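Scroll down for the structure; my scribbles are underneath it.
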2 protein chains.
Amino acid sequence: MRADARKNYERLLTVASAVVTEEGAGASLRDIARRAEVGLGTVQRHFPTREALLEALLRTGFDQLTAEAAELEGAGPAGDALRTWLRAFVACATDYQGVIASMVAAIEDPDSALHASCVAMRAAGARLLARAQADGVARTDIDGTDLYALAGALAWAGDQPALAARADHLFDVIADAVLTR
Amino acid sequence: MRADARKNYERLLTVASAVVTEEGAGASLRDIARRAEVGLGTVQRHFPTREALLEALLRTGFDQLTAEAAELEGAGPAGDALRTWLRAFVACATDYQGVIASMVAAIEDPDSALHASCVAMRAAGARLLARAQADGVARTDIDGTDLYALAGALAWAGDQPALAARADHLFDVIADAVLTR
DNA sequence: ACCTGAACACCGTTCAAGT
DNA sequence: ACCTGAACACCGTTCAAGT
């Protein structure tokens, strides 16, 4: 990448992070271009779709979640591992308001820039779930997609201003549903 | 209301129901006006906000839910009553894709056209929950807002094409979390 | 190579002008 | 009273023209 292009890319990512934090996943791309002092076309070329931009914004979080899953897969009680990772996943999805809908849709859309990451997230959760099920501490009638859906539902609730205050409590209720106490 | 105004109102409601069923709660009001063969301003006066339109569309369902809650409040096992009503509530909220976000936001917005109905829905659920808790068949650490949030989360999941197929299963998982088995 | 910004087809809101 | 539709300020996408 040319030096000026890289500079634009990085500036866009910084600005986009701020704008999407403020306005949510549906933030105006025009507004991002303006605040980055860049042409509208420049946003489009660096990020051909909105998903591509969200993927770049979520990149770091996804990588951390992957690493955390790997650590947790062999360590400690299986129930605690699943609970801990699930909490981290929901927290990551809640970083940017409204991003969870794209993350859920991406699972079934191979063309989405978020597809690979989201499939990986589901797989990581599924591995932790399988261990918990094998240890007899998790419901056996749910699979990785159910778990992903429940985490998505929690992230959605956390996105709603009227519900955000009970997000932690709702997490406990749903975690109790998954993990047999 | 004048005869021609009433005719427009009813035509708009019919068309809006079709369009919102197809496109979801964010459907273009301009499109609704066009398909109803009515000026754009006519839509705005009959329904000053999008919430007002959604309220009119959901009216029948809300009334049915209120009646159903009244019937269920005194009849049969408290756990079954809550489960049955919750299922009906989620089904109603899923009639129009994306409407659940407005229904959740309306709880905290007294100015929303959906406010009164949604507060009433929460209250109806809370009464059924309280009876189930009194009978020892429901978690005692949740209240009407938590229940509303969980129902909302389920409706959200049902709205996502990637998750719709497991909506019933997810309902069972969350119902099990609320209702002690 | 990369960037810019005008052109285009949308959107919701507002409101002057008509019937 | 009620309706219409133009005016306005937005949006995302596309792409010809510049550097």
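Naming: A, B, ... by sequence-line order, numbering from 1 per chain. This is a predicted model, so every value here is computed, not measured.
Between B:W156 and A:W156, the two ring planes are parallel [angle under 30°; tilted spans 30° to 60°].
A:L40 comes within 4.0 angstrom of a base, heavy atoms only. Within 4.0 Å of A:S28, counting heavy atoms only, lie sugar-phosphate atoms of the nucleic acid but no base atom. Residue A:R50 is classed as a sugar-phosphate contact, given heavy-atom separations below 4.0 Å to backbone atoms only. Across all strands, A:R6 comes closer than 4.0 Å to no nucleic acid atom at all (heavy-atom distances). Nucleic acid contact for B:A27: sugar-phosphate only, since backbone atoms but no base atoms lie under 4.0 Å from a heavy atom of the residue.
Note: CD (B:E23) to P (C:dC11) measures 10 Å, nearest angstrom. Between B:R2 atom CZ and D:dC2 atom P there is a gap of 6 Å when expressed in whole angstrom units. A:L29 has its CG atom 17 Å from the P atom of C:dG5, to the nearest Å. Regarding B:E37, its CD atom lies at a distance of 15 Å from the C1' atom of D:dC3, rounded to whole Å. Spacing between atom CG of B:D31 and atom P of C:dC11 amounts to 7 Å, rounded to whole angstrom units. Here the P atom of nucleotide D:dC2 and the CG atom of B:L12 are 14 Å apart, to the nearest Å.
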- Show your working on side chain to side chain donor-acceptor pair (under 3.5 Å) between B:S28 and B:E23 and close with a plain yes or no. CA-CA 8 Å; B:S28 160; B:E23 319 269 349; over 6 Å; no
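Comment: B:R139 does not engage A:D172 in a salt bridge, judged by the lack of any side-chain N to carboxylate O separation of less than 4.0 angstrom.
With D:dA1, C:dT4, D:dT4 as the choices, the nucleotide that has an atom nearest any side-chain atom of A:R45 turns out to be C:dT4. Taking only side-chain atoms of B:R34, from C-beta outward, the nucleotide of C:dC11, C:dC3, C:dT13 with the closest atom is C:dC11. Side chain of B:Q44, nearest nucleotide from C:dT13, D:dT13, D:dC2: C:dT13. Distance from the side chain of B:H46 is smallest for D:dC3 among the nucleotides C:dT14, D:dC11, D:dC3. Nearest nucleotide to the side chain of B:N8, out of C:dC2, D:dC2, D:dC3: D:dC3. Nearest nucleotide to the side chain of A:R30, out of D:dC2, C:dG12, C:dA7: C:dA7.
Of all nucleotides present, only C:dT19 satisfies the Watson-Crick or G-U wobble test against D:dA1, with each distance under 3.5 Å. Across all strands shown, D:dA9 has no partner, as no Watson-Crick or G-U wobble contact with both distances under 3.5 Å is found.
Proximity of A:L29 to A:L53: side-chain heavy atoms (C-beta onward) are separated by under 4.5 Å at one or more points.
When each of A:L86, A:D146, A:I142 is checked for a side-chain contact (heavy atoms from CB on, under 4.5 Å) with A:L129, only A:I142 meets the rule.
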